[in-house]
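All of these numbers come straight from a predicted model, not from anything done at the bench. Counting starts at 1 for both ligands and their atoms, following the listed order.
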Amino acid sequence: MELMVLQNPLSDECLAVLRDHRTPAGAFRSAGRRISLLLAAEAGKCLATREAPVESPLESTVCRTLAQEVVLVPILRAGLGMVDAFLELFPDAEIGHVGLERNEQTAKADSYYCKLPELAGKQVFILDPMLATGGSLAMAANVVKSRGAKSLVAVSIIAAPEGVRKMSEDHSDVSLILGAVDRELDTCKYIRPGLGDYGDRLMGTN
Ligand code: PRP
Ligand code: URA
């Protein structure tokens, strides 16, 4: 499994804001959007390009343009907080949605929604800020693969080692792009030190 973890002072700063329990909703959303932009720039490195002739005002030249269509698949709800940043870099991307919610007692994900565009031949980016046990992401990867996705990258802001391990065992063909890998999961399957519940902090629920 290919694994890339951001090494960037800008992402460190965003993580500090996101982790701070005093951060209000507006600053939380803004930091999530900024680190998602850095992750999106990394994700862009996976895209295939092709040569394209271009007439500049001075002469003919050969440029490279994107050769693959992009589909963003945010895992509801928290993945929605990453979509705007990805659209900034992939403005023509199609968007599919997979709705998953962890059961609070078992920490196992239940599926409640799925709407996807055609995926065959396209570059699919699954977006979910938190990779904890890996149950949600592994389930989402199964869903998009069953709908024809072959070229698949998962992007998360914070991961636990347990989630990274699950993805390498269940989906070694899926690349991971991460903002940080934290120490561990606690007994409630929350990432430590983590940032708490991303979906609740993003949406103002609890
Ligand atoms: C959170 C998070 C991931 C999942 C990660 O979602 O956004 O989707 O948990 O945990 P896992 O790796 O152990 O599966 P949650 O189920 O809380 O739903 P929400 O985004 O609607 O808040
Ligand atoms: N989901 C979150 O939002 N946070 C965690 O720490 C684990 C799962």
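The ligand atoms of ligand 2 that sit less than 4.0 angstrom from a heavy atom of I191 are 5 (C), 6 (O). Atoms of ligand 2 lying under 4.0 Å from at least one heavy atom of Y198, given by number and element, are 2 (C), 3 (O). Close contacts between ligand 2 and A132 involve ligand atoms 7 (C), 8 (C) [criterion: under 4.0 Å to a heavy atom].
Other residues, nucleotides and ligands place more than 12 heavy atoms under 6.0 Å from the CD atom of E184. Around atom NZ of K189, no more than 12 heavy atoms belonging to other residues, nucleotides or ligands sit under 6.0 Å away.
Using modelled atom types, one finds no donor on one side chain facing an acceptor on the other under 3.5 Å when comparing D128 with Y198. Side-chain contact annotation: Q123 with S151, donor-acceptor N/O pair under 3.5 Å present. For the residue pair H171 / K166, no side-chain donor-acceptor distance below 3.5 Å is found, with atom types taken as modelled.
Counting protein heavy atoms only, atom 1 (N) of ligand 2 is closest to M130 CB, 3.9 Å. Scanning all protein heavy atoms for the shortest distance to atom 5 (C) of ligand 2 gives Y190 CD2, 3.5 Å.
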Report every pair formed by an N or O atom of ligand 1 and a protein N or O atom separated by less than 3.5 Å, giving atom names and the distance to 0.1 Å.
residue, atom, partner, partner atom, Å
ligand 1, 7 (O), D128, OD1, 3.1
ligand 1, 8 (O), D128, OD1, 3.4
ligand 1, 8 (O), D128, OD2, 2.5
ligand 1, 12 (O), A132, N, 2.9
ligand 1, 12 (O), T133, N, 3.1
ligand 1, 12 (O), G134, N, 2.8
ligand 1, 13 (O), R102, NH1, 2.8
ligand 1, 13 (O), T133, N, 2.9
ligand 1, 13 (O), T133, OG1, 2.6
ligand 1, 14 (O), S136, N, 2.9
ligand 1, 14 (O), S136, OG, 2.5
ligand 1, 16 (O), R102, N, 2.6
ligand 1, 20 (O), R77, N, 3.1
ligand 1, 20 (O), A78, N, 3.0
ligand 1, 21 (O), R77, N, 3.2
ligand 1, 21 (O), R77, NE, 2.9
ligand 1, 22 (O), R77, NH2, 3.0

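At a 4.0 Å heavy-atom cut-off, ligand 2 touches K189 through the backbone alone.
For A180 against V5, the heavy-atom pair with the smallest separation is CA-CG1, 4.0 Å. The shortest heavy-atom contact between R201 and D20 is NH2-O, 2.8 Å.
Salt bridge annotation for R102-D110: absent, with no cationic side-chain nitrogen under 4.0 angstrom from a carboxylate oxygen.
Residue G196 has at least one N or O atom closer than 3.5 Å to an N or O atom of ligand 2. Not a single N or O atom of G199, backbone or side chain, sits closer than 3.5 Å to an N or O atom of ligand 2.
Shown here are the salt bridge (charged side-chain N to carboxylate O under 4.0 Å, His left out) partners of R183, two or more places apart in sequence or in another chain: there are none.
Heavy atoms of R102 approach ligand 2 to within less than 4.0 angstrom.
Annotation: cation-pi geometry not satisfied between R77 and Y112 (NZ/CZ under 6.0 angstrom from ring centroid, within 45° of ring axis).
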